[in-house]
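One structure is given below, encoded as structure tokens.
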Amino acid sequence: MLVHIVYAHPSGDSFTHSLLEAFVAGLDEAGHPHTVSDLYAMDFNPVLSSDEYARESSYAADRPIPQEVAAEQAKLDAADGWAFVYPVWWSDVPAILKGWFDRVWTVGWAYHPSNLSRARKALALCAAGHTVEQLRETGLYQSMRAVMLADRVFDRADAKQFHLFDGSEAMTGDEWQRARQRHLQQAHKLGREIGA
Ligand SMILES: Cc1cc2nc3c(=O)[nH]c(=O)nc-3n(C[C@H](O)[C@H](O)[C@H](O)COP(=O)(O)O)c2cc1C
């Protein structure tokens with residue numbers, strides 16, 4: 001399965017980057033080719049312009065879209081699987097990825113009238129400082145999952161999954177090292193088994 005990864009983190013030393021590496025190693029091990037949009041490395045502009053706003057808000061699917069937006073859509077169209085790899089920042093995706101959705105999910109491609117772009121599988125791999133228990137207690141886990149799967153992916157994929165790699169700030173020392181190792185093994189497995 002050809003997988004397109006949308007990756008949003010500014011640092012190569014981050015836990016999120018380790019998740020990306022583990023996921024890609026799993027894809028490689030199973031022979032799944034992949035492409036990557038590394039949004040910070042690309043210096044992707046996340047700000048919807050007034051022209052883009054006018055096109056979206058009037059459902060004018062016949063109007064042109066910016067070249068960098070078309071390039072993102074072409075990478076997604078070419079792939080059977082999509083993976084979003086990012087940290088939780090203020091209970092949502094980083095701004096650069098939020099703006100990527102604002103711009104790339106265009107009318108006529110992502111929604112309305114009916115020619116929705118589709119993947120066989122879409123995965124969200126999301127690193128969080130809090131534990132999943134803490135995030136469930138406040139309802140934030142449920143809201144982050146719902147926004148990613150019920151809104152952003154919606155029916156644009158046949159199968160969709162949200163995976164939270166939690167605890168990087170809530171845990172310390174050996175506890176975190178063990179959790180980190182477990183998380184990296186899970187990310188590797190998700191890559192290896194994405195075609196299943
Ligand atoms: C600006 C910013 C906002 C954050 N907001 C949250 C948050 O709302 N909830 C949470 O669980 N963790 C939050 N975190 C923690 C990150 O999700 C956590 O560091 C994550 O595991 C990514 O680690 P990494 O930066 O080493 O990849 C935030 C971190 C930053 C830098």
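Every heavy atom of this structure was used, including side-chain atoms; hydrogens, water molecules and symmetry mates were not. From a predicted model like this one, the values you see are computed outputs, not experimental measurements. When a ligand or atom number is given, it counts from 1 through the structure's own listing order.
- Checked against the 6.0 Å centroid threshold, F101 and F84 count as a close aromatic pair.
- Ranking the protein heavy atoms by distance from atom 27 (O) of ligand 1 puts T16 OG1, 2.6 Å first.
- A side-chain N or O of Q186 and one of H163 form a donor-acceptor pair less than 3.5 Å apart.
- The protein heavy-atom contact nearest to atom 29 (C) of ligand 1 is W89 CD1, 3.5 Å.
- Taking the six-membered ring where the residue is Trp, the centroids of W100 and Y86 are separated by 6.0 Å or more.
- Ion pairing between D51 and R55 fails under the 4.0 Å rule for side-chain N and carboxylate O.
- Close contacts of ligand 1 with P87, meaning ligand atoms under 4.0 Å from a residue heavy atom, involve 22 (C).
- The protein atom (non-hydrogen) at minimum distance from atom 12 (N) of ligand 1 is G129 N, 3.1 Å.
- Ranking protein heavy atoms by distance to atom 18 (C) of ligand 1, first place goes to S168 OG, 3.4 Å.
- With a 4.5 Å cut-off on side-chain heavy atoms, K121 and D158 do not count as touching.
- When the side chains of ILVMFWY residues are joined at heavy-atom separations under 4.5 Å, either directly or via intervening members, I96 and W105 end up in a single hydrophobic cluster.
- If you check which protein heavy atom lies closest to atom 8 (O) of ligand 1, you get S91 N, 2.9 Å.
- Under 4.0 angstrom from ligand 1, there are no non-hydrogen atoms of H17.
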For this session: Let me see the working for Y7 and H17 under ring pair (Phe, Tyr, Trp, His ring centres under 6.0 Å), right down to the final yes or no.
Result: CA-CA 9 Å; Y7 170 67; H17 191 261; 5.8 Å; yes
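- In the vicinity of H9, heavy-atom distances shorter than 4.0 Å reach the ligand 1 atoms 24 (P), 25 (O), 27 (O).
- The nearest pair of heavy atoms linking R180 to S18 is NH2-OG, 3.0 Å.
- Less than 4.0 angstrom separates some heavy atom of F15 from each of these atoms of ligand 1: 21 (O), 24 (P), 26 (O), 27 (O).
- Residue E169 has at least one heavy-atom neighbour below 4.0 Å for each of these atoms of ligand 1: 15 (C), 19 (O).
- Of the protein's non-hydrogen atoms, V88 O, 3.4 Å is the one closest to atom 6 (C) of ligand 1.
- Contact atoms of ligand 1 toward W90: 3 (C), 4 (C), 5 (N), 6 (C), 7 (C), 8 (O) (distance under 4.0 Å to a heavy atom of the residue).
- Side-chain heavy atoms closer than 4.5 Å link hydrophobic residues (I, L, V, M, F, W, Y) into clusters, and following such links, even through other members, never connects L27 to L76.
- When each atom of ligand 1 is checked for a heavy atom of H130 under 4.0 Å away, the hits are 9 (N), 10 (C), 11 (O).
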